[in-house]
Novice: 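Okay, handing you the structure first.
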Amino acid sequence: MTDYKKTLNLPSTKFPMRGNLAQKEPEMLKAWEQADLYGLLREHCAGRPKFILHDGPPYANGNIHIGHAVNKILKDIILKGKTLSGFDTPYIPGWDCHGLPIELKVEAKVGKVGTKVDAVKFREICRKYAKSQVELQKKDFKRLGVLGDWDKPYLTMDFQTEGDTVRSLGKIVENGYLRKGEKPVHWCVDCGSALAEAEVEYEDKTSSSIDVRFSVVDEDDLAKRMGADLTGEGAVSVVIWTTTPWTLPANQAIAVHAELDYVLVQVEGERLVLAEALYESVLERAELTGKVLQRCKGADLEHLQCQHPFYDRQVPVILGEHVTTDAGTGCVHTAPGHGQEDFVVGKQYGLEVDNPVGGDGYFLERAEIFAGESVDEANPHVIEVLKEQGKLLCYQPLEHSYPHCWRHNRPLIFRATPQWFISMDETGLRQQLLDSLDGVKWLPDWGQSRIQSMIENSPDWCVSRQRTWGVPITLFVHKETGELHPQTNALFEKAALLIDKKGVEAWFSLDKADLLGDEADSYDKVMDTLDVWFDSGVTHASVVDRREALNLPADLYLEGSDQHRGWFQSSLKTAVAMRGKAPYKTVLTHGFTVDAKGEKMSKSKGNTILPQSINKKFGTDILRLWATSCDYSREMTISDEIIKRIADGYRRIRNTSRFLLSNLNDFDPAKDCVPMSNLLPLDRWAVAQAAKTQDIILKSHDNYQFHLVYQELLRFCSIDLGSLFLDITKDRQYTCKGDSLARRSAQTATYHILSAMIRWLAPITSFTAEELWKHLPGDDKADYVLLTAWYDQLQPLDSEAEITESDWQQIFHTRELVSKQLEVLRIAEEIGSSLDAELTLYCDGDLFTSLIKLGNELRFILMTSSAKVVALTDVPDNAITIEGENLSIVAQSSEHEKCVRCWHHSETIGNNADHPELCDRCIENVEGDGEVRQYA
RNA sequence: UGCUCUGUAACUCAAUGGUAGAGUCCGCUCUUGAUAAGGGCGUGGUUGUGGGGUCAGUACCCACCAGAGCAACCA
C-alpha cells in the first residue's frame, strides 16, 4: 500500500494543545512589562476619545481575595473591550491607605501612640506599613493580567493626594456644608477614641438592669392628664428601666410613646406610672402586687415634670417613636449625651447634651457624687445611691448582647463628643444629591432607588475621627467663640501647600504661629482626622481631576454592590458639595462571591477559594474566564466544580483556536486570501456566522454582560465551528491541492474567523489571546492584539447570495435528520464512519430547492460518500419517512471500495493502474490540476 | 426586625403572556488525518414553595421559604 498521507495537507501547528498557563503566564507578564505594554497602548491610543474608569481604591491591608480579583478583572475586561472599540482607556489603579485597620496593625507591632512611640513616629510606621501592603496587593493584581499604570498608581497617602484631600475639604467648607456639632459615638475608653461602626462587635455581657423611680413633681398636673383626680395613696413615680446605671447622671428626660396606654398602678404604699402592656411584668420582677387605678395615653404625659433621682433638677416626660413595649417599663431613661436615639429625640426637645464622662472613662467634676470614678465603678455606686434615696424599685443582673471594641474586646460606652459634620439639609445638600441621581446611569437600574433611599435617610455625615493615621481636618477654631478663623479658605490652601510637600505630618507638627502669627494664641488647631471614606470619596478631585490622563466626570465607577452605601455615596456627596455634580456618568455594580451552596465565603466557614491558588493550579485565564462566565449582577458562585467546568470550556476554546491555526500553517494572508466574493458558499456562510457572533459579542460588551460573551463564544466554537464548518471542511482542507481555490477559500474563512476570535478573547483570556496572536500567520501584524481593533473583515450574508441563510438552515436541519438516521445504521453495525454510508433524500418544496442547490457536493456537507436528492413523488417503499418532516431517507452502507486517501467510498477506485487504491478525485488532486469545488 | 436583590436541567447561562433552549457534565457510540483532541445520538426541568387575577404564566400580583447585600435595634 502506498503511503498517501504525505500528499495530504494535514493540520500542523506549534501552538500547544495544553495551555500550561500557570507557568507561562508569569513569563508573558514579564515580557509585557519589559516591553511596557501599558505605555505602548497609551501611545497607540493617543488622540482617541477617552473612556475613563476610575478605580475604587481597595484598602491597603492584607492579601487580595476573590472579591478583589473579580473587581479588577471586570474592570480590565471592560477597558480592554473599550480599547478594541477605539477608545483611549487609561487606568490608574489606586489604594486607600489611611485609617484604623492599619493603625491597629501598627499598634500590634509597636504599641499604642503615646506609650512606646509618639504620633509622629507612629504615622511614619503606618505609612511604611501601608506601602508594604500596596506592594503586596499590586503584585497579585498584576498577576491577574490587569493592565494599568502600576508604576504610578494613586495612593490616598501620596503627599499631593493628601494635600488635595485637604483642598477638597476646604472647598466643602467654603461652600458652607461643614458644621460643628456633637454626637454620641461608640467610645472605647481603652482606645481613648470613638469607633466606627465597623469597629464595633456585639457580644454577650452581663449588666445591672434596674428599675428606677422618678417622682412626679406635681400630682395635680398628673391628675389633669389622667382626666380625673388621682385615687389611691402614696408617692407617685414614673418608673424607668436601664441596663447602664452609670448613664443616670446624664439623664435629661423620660421618653414615652404617644400612642401607648399608660397606667397608674397602686402598689404597697405608693403609686407607679407604667406602660399598661408592661406593668404586670414590672410588678412581677419587683415582687409586688398592685392594681390599676387610672390610665391615659402617652401623649397626655408630655411635659410632665419628674424629679431626677439624685440630682437637684427636674426632667420632663417627652415623646419618642423609639419607645417600645419589648422590655422595660415603657418609660425610657433619656440621656442625650449617651445614646444615639436619646440624642436625636433630645434635639427635638432642646434638651441639654450633657456628657459628664471624660475620654478616659472617668466622671468629670460636675458629676459631683461620682466625680473621679470610672464608669465601671460608678455602676454599683449609682445603684447604692438610688437605694439610699429610695429610688431603686428593682435590681436584676441581665445577660444581653452589647457593643464591644473589636480590638480591646471591652464594653463600649456611648459618649457625646464634638464632631465635624457635612450637613445634609442646612444648605440643601440632600436635595442637590437627589437631583444629581437622574443624570447618572445606574446598572443594574435598581441601584438608583437603592442609593436614593440611602440619601433620603442619610443623617449628617460625621467626617471627623479622633485618630492618628489620617488626613487632618485643617481648621483653626477660636478658643472663646468656637468660630472658624475668618481666613479659613486661605488657610486651607496654605495647609494644603505644606501637605503637598511633606504629607499630613506637616499639619500635625505645624506650629500654628507659622500660619496665624500673632493670632495663634486665640485659636485651637484641630487635630482630628478625616473619616477615611472622605479620602477615597474625594478621589474624583484628588485623582481624576488632578491626573492629566483622566477626565472628570469619569465614564464609569465599578464596584461591589455594598459600595452604594460606601464609595459611590461618599464620592457623590463630596462631588456635589464641591461642584454640584456627580463625579460619574455610569455606576455599575457586581455581586459578591458565594460558595456552591450560595453561601458567603468566610475564613471561619473554610469555604474560601483564593485567587492565588487558582492562578497556581489553573492559571489566571481560567479565573478570568470564570469571572466572564458569571452573571455578576447577582451573586457569583465559585466552587471546585465550577472552576473545573470553566477549565473544560477553556480547553474547548483553546483547541478550537489551535485547530484553526493548524489549518493555516501554509497560509500567508497577504498572498493567499481569497476575496470575500469568491469564497465558496459554505466558507462564506462560516464568515457570516462569525459576523453574527461578533455582533452579539460587541453588544454584550456595550451592556457589560460578559456572561453572554462567554455563552456565545462557546456556542460558536461548539456548533458553528466544531459541529459544522470545521468538521465539514476537513475533507477539503486535507485532500484538495494545497494551493487550490477550494482549499484557499476554506483557509481564508478560517483566517477571518480566527482573526476575529483572537480579539473576542483578548479582553477575557488575555494571555491565551496574545499567545494565539503570536502564532497567527501574517507579516505586518501589530505586536499585540490589544494594539488592534475588533476585526472588521467579517461580513453577513447578503440576501442575493447563491445559497441563502434560509437555505443553509434547511441544509443543516437536514444534516441533523440524516445524522439520526445514520446512527441507526451505526447501531446495526452497518457503518462506522458516516463516509461508509450512501444516501438518497426524497423531498419537495423549499427543502428540495435548497438541497438541490448544492448539486453533488451535498455529500460533503452530510459527510457521506454519496447523497442524491430526488423528488418526493419518487419515494420508494424502503425509504424511512421522518415524522413531522418533509423528508424521506434511504441510507445504506456503500458497496464501493474505500479510497485510502480521502476515505470516501467510490466506484472509481481501481480505474487508474498507477494508483489502484485511489478514487478519481484523489488522482486529480495528487497528479492533476486539482478538483474544483463550487459550494462546499 | 426592616428595605433591596436573587432563586430556570447535575453546572453556567438563554428565552417568551401561548406546548421551556444552548453549552458543559453524564450515558451510549463513531473516529487513530484536531487524538491528554474531534464528531454523532441520547438521558435530564410540574422554571424555589403556595395562592391570585388571565382563555393562557416560568414571565404579572400576593404570601411564604432559602441565599445575598444594606440598614436598624440592643434604654
Side-chain angles (χ1 to χ4, degrees), chain A residues 5 8-13 17-18 197 202 205 207 209 240-244 247 251 254-255 320 322-324 326-329 331-335 338-342 400-403 414 444 446-447 449-450 453-454 457 560-566 589 591-594 596-600 626 629-631 633-635 637 639 641-642 644-646 648-649 651-652 654-656 658-663 705 707-708 710-719 722-724 726-727 730-731 733-735 816 818-820 822-824 826-827 831-836 863 901-903:
Chain A
K5 206 160 169 172
L8 295 168
N9 316 296
L10 292 180
S12 154
T13 178
M17 180 179 283
R18 302 200 52 189
E197 201 56 44
Y202 287 84
K205 170 186 186 255
S207 298
S209 91
I240 64 95
W241 178 76
T242 182
T243 57
T244 51
T247 61
N251 176 281
I254 298 167
H322 62 292
V323 177
T324 66
D326 294 344
T329 61
C331 308
V332 175
H333 155 54
T334 300
H338 291 312
Q340 175 61 36
E341 289 181 325
D342 297 6
H400 63 158
S401 156
Y402 191 85
F414 258 97
W446 48 258
S449 51
R450 175 171 290 187
S453 78
M454 284 173 179
N457 300 317
S561 54
D562 58 334
Q563 298 302 330
H564 283 113
R565 168 62 60 182
T589 55
F592 284 71
T593 51
V594 296
K597 290 184 212 138
E599 290 182 9
K600 183 168 67 165
W626 165 75
S629 75
C630 299
D631 176 356
S633 67
R634 40 196 178 199
E635 285 107 62
T637 317
S639 66
E641 184 195 357
I642 289 169
K644 211 173 139 277
R645 297 286 173 91
I646 294 293
D648 287 341
R651 285 216 312 275
R652 164 59 99 165
R654 185 177 180 94
N655 271 313
T656 302
R658 176 171 182 268
F659 189 55
L660 293 170
L661 266 182
S662 70
N663 281 317
Q705 294 184 307
H707 61 288
L708 300 183
Y710 175 81
Q711 298 281 335
E712 179 60 15
L713 192 56
L714 264 293
R715 191 207 60 78
F716 181 74
C717 286
S718 297
I719 300 188
S723 294
L724 299 174
L726 296 179
D727 209 26
K730 271 189 230 173
D731 176 83
Q733 290 273 19
Y734 299 170
T735 67
E816 279 178 45
V818 166
S819 293
K820 285 190 218 295
L822 293 180
E823 199 62 23
V824 176
R826 197 167 283 137
I827 286 162
I831 62 166
S833 156
S834 63
L835 285 176
D836 297 339
M863 302 204 312
R901 184 169 176 275
C902 73
W903 296 344

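Below, chain A is the first sequence line, B the second, and so on; all start at residue 1.
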Novice: Checking all strands, does A:R18 fall into the base, sugar-phosphate, or nothing category for heavy-atom contacts under 4.0 angstrom?
Specialist: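 Touches a base.
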
Novice: Can you check the distance between B:U8 and B:C13, where both ends of the measurement are the P atom (answer in whole Å)?
Specialist: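 The answer is 10 Å between these two P atoms.
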
Novice: Hey, does the side-chain of A:R645 have a donor or acceptor N/O within less than 3.5 Å of a partner on the base of B:U24?
Specialist: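 Such a pair is found, so the answer is yes.
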
Novice: Is there a Watson-Crick or G-U wobble partner for B:A71 with both distances under 3.5 Å, and if so, which one is it?
Specialist: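 Paired with B:U1.
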
Novice: Just name whichever nucleotide pairs with B:G23, Watson-Crick or G-U, keeping both distances under 3.5 Å, else none.
Specialist: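 Looking at the geometry, B:G23 pairs with B:C11.
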
Novice: Determine, for A:R645 against A:D648, whether the closest basic-nitrogen to carboxylate-oxygen distance falls under 4.0 angstrom.
Specialist: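 Answer for the salt bridge query: no.
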
Novice: Find the partner of B:U16: check Watson-Crick (N1-N3 plus N6-O4 or O6-N4) and G-U wobble (N1-O2, O6-N3) distances, both under 3.5 Å, and reply none if neither fits.
Specialist: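 Pairing partner, where one exists within any strand: none, as none qualifies.
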
Novice: Distance criterion of 3.5 Å, no angle test: do you see the side chain of A:R658 paired donor-to-acceptor with the base of B:A34?
Specialist: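 No such pair is found, so the answer is no.
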
Novice: Would you check if A:F592 stacks with the base of B:G67, given a 5.5 Å centroid limit and a 30° plane limit, both strict?
Specialist: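 Aromatic stack with B:G67 absent for A:F592.
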
Novice: Taking all atoms of both residues into account, what is the closest heavy-atom pair of A:T247 and A:A335, and its distance?
Specialist: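 Heavy-atom minimum between the residues: O-CB, 3.9 Å.
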
Novice: Does the structure show a Watson-Crick or G-U wobble partner for B:U6, both distances under 3.5 Å? Name it, or say none.
Specialist: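 Because both required distances fall under 3.5 Å, B:U6 counts as paired with B:A66.
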
Novice: Strictly below 4.0 Å: does A:K820 bring a side-chain N or O up to OP1 or OP2 of B:G42?
Specialist: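 It does, given that an N or O in the side chain of A:K820 lies less than 4.0 Å from OP1 or OP2 of B:G42.
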
Novice: Whole angstroms only, please: what is the CZ-C1' distance between A:F659 and B:A37?
Specialist: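 Rounded to the whole Å, the gap is 10 Å.
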
Novice: Return the 5'-most residue of the pair A:L10, A:I831 with respect to RNA chain B, ranking by each residue's nearest nucleotide.
Specialist: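 Looking at RNA chain B, the more 5' nearest nucleotide goes with A:I831.
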
Novice: Taking only the P atom of each, what is the distance from B:G42 to B:U6 in whole angstrom?
Specialist: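 The answer is 36 Å between these two P atoms.
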
Novice: Would you say the side chain of A:E823 and the base of B:G40 hold a donor-acceptor pair, judged only by whether the two atoms sit under 3.5 Å apart?
Specialist: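 Yes, a donor-acceptor pair under 3.5 Å.
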
Novice: Please state how far atom CD in A:Q705 lies from atom P in B:A15, giving the value in whole angstrom units.
Specialist: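 Answer to the nearest Å: 8 Å.
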
Novice: Return whichever of A:T656 or A:R565 has its heavy-atom-nearest nucleotide of RNA chain B closer to the 5' end.
Specialist: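 Mapping each residue to its closest nucleotide by heavy atoms, the 5'-most match is A:T656.
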
Novice: Using a 3.5 Å distance criterion without hydrogens, assess whether the side chain of A:W903 forms a donor-acceptor pair with backbone atoms of A:D731.
Specialist: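 No, because the side chain of A:W903 does not come within donor-acceptor range (under 3.5 Å) of the backbone of A:D731.
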
